[in-house]
Amino acid sequence: MDLNTAKTTIFLATSSPEAARNFYEQKLGLTLAADDPYALVYQLGGTELRLSKVPAHTPFPFTVLDWQVDSIDAAHDRLKANAVTFEIFDGMGQDERGIWDSPDGGARILWFKDPDGNVLSVSERS
């Protein structure tokens, strides 16, 4: 067994599957692979994303899923056009669009939440 090369699955939770489907499909453009009594399933570049259907959910206060993109500016524009609301965190020094530049210049990050409050992001890494 080599976990370095094993297929991976990301688990997030949703207590609002209909709202989650709308967000992940309409706003983020993901393609639904399965909708069963237990989860919504999406395939992300070879990694499975399972949104487990739960009766109640308390989201973590930190990023749980990030997509590394070639252009944070293009990602911002696409997400904004799809009415995604960006998160501004006090003291982070994000620009007016919500993009944060890491002090070492190695990453630019833009945060947003899904309908269940899961913190998601897109990042451009150098």
Side-chain angles (χ1 to χ4, degrees):
M1 173 183 73
D2 183 357
L3 295 180
N4 289 300
T5 58
K7 291 183 180 181
T8 56
T9 300
I10 300 164
F11 288 90
L12 299 180
T14 180
S15 59
S16 304
E18 298 81 17
R21 273 196 70 175
N22 179 65
F23 179 82
Y24 284 89
E25 294 169 36
Q26 302 304 314
K27 294 184 182 253
L28 300 187
L30 303 185
T31 302
L32 184 71
D35 180 354
D36 62 41
Y38 309 103
L40 303 172
V41 181
Y42 299 90
Q43 294 297 323
L44 308 176
T47 298
E48 182 178 83
L49 169 60
R50 291 185 64 85
L51 297 173
S52 299
K53 297 176 183 178
V54 297
H57 170 60
T58 302
F60 289 115
F62 49 82
T63 308
V64 295
L65 177 60
D66 175 74
W67 286 269
Q68 294 182 30
V69 297
D70 293 330
S71 169
I72 195 86
D73 298 307
H76 172 274
D77 294 347
R78 180 174 175 271
L79 292 168
K80 183 177 180 182
N82 287 342
V84 171
T85 301
F86 305 112
E87 296 296 310
I88 302 291
F89 298 105
D90 289 336
M92 287 291 294
Q94 294 158 270
D95 69 17
E96 67 281 352
R97 297 174 300 162
I99 297 172
W100 176 73
D101 291 298
S102 67
D104 67 0
R108 300 178 71 209
I109 304 172
L110 178 64
W111 290 275
F112 51 97
K113 292 181 180 176
D114 73 6
D116 291 282
N118 294 308
V119 179
L120 311 174
S121 66
V122 289
S123 65
E124 177 183 321
R125 314 274 177 104
S126 56

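As the structure is a computational prediction, the values presented were derived from the model and not from experiment.
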Non-neighbouring partners of A34 that pass side-chain contact (heavy atoms from CB on, under 4.5 Å), sequence neighbours left out: V41

Side chain proximity check, Q43 to E48, heavy atoms < 4.5 angstrom: yes

Inter-residue atom distance Y42.OH - R21.CZ, 0.5 Å rounding: 6.0 Å

Could you tell me whether the side chain of T9 reaches within less than 4.5 Å of the side chain of T47, counting heavy atoms only? no

So how far is it from S102 OG to I109 CD1, rounded to the nearest 0.5 Å? 7.0 Å

N118 and D116: side chain donor to acceptor below 3.5 Å: no

Results of side-chain hydrogen bond (donor to acceptor under 3.5 Å, both in side chains) for S71 - residues two or more places apart only: none

Listed pairs under 3.5 Å, donor-acceptor, residues 84-94 side chains, sequence neighbours left out:
| from | atom 1 | to | atom 2 | distance (Å) |
| --- | --- | --- | --- | --- |
| Q94 | OE1 | F89 | N | 2.7 |
| Q94 | NE2 | E87 | O | 2.9 |
| Q94 | NE2 | G98 | O | 2.8 |

Pairs of donor and acceptor atoms involving the side chains of residues 49-56, under 3.5 Å and at least two apart or interchain, shall be tabulated with distances.
| from | atom 1 | to | atom 2 | distance (Å) |
| --- | --- | --- | --- | --- |
| K53 | NZ | D35 | OD1 | 2.5 |
| K53 | NZ | D36 | O | 2.6 |

List for me each residue that meets side-chain contact (heavy atoms from CB on, under 4.5 Å) alongside R78, sequence neighbours excluded, and say none if there are none. N82

Correct closest heavy-atom pair for A75 and V122 would be CB-CG2, 4.1 Å

What are the two closest non-hydrogen atoms of G105 and S126, and how far apart are they? O-OG, 3.2 Å

Within a 6.0 Å radius of atom CG on D70, are there more than 12 heavy atoms belonging to other residues, nucleotides or ligands? no

To the nearest 0.5 Å, tell me how far Y24 OH sits from L44 CG. 9.5 Å

Can you name the residues that form a side-chain hydrogen bond (donor to acceptor under 3.5 Å, both in side chains) with K27, not counting sequence neighbours? none

Rounded to the nearest 0.5 Å, what separation is found between the CG atom of D114 and the CG atom of L65? 9.0 Å

Same cluster or not: are L28 and L12 linked, directly or through other Ile, Leu, Val, Met, Phe, Trp or Tyr residues, by side-chain heavy atoms under 4.5 angstrom apart? yes

How many angstroms lie between atom OG of S123 and atom CH2 of W100, to the nearest 0.5 angstrom? 10.5 Å

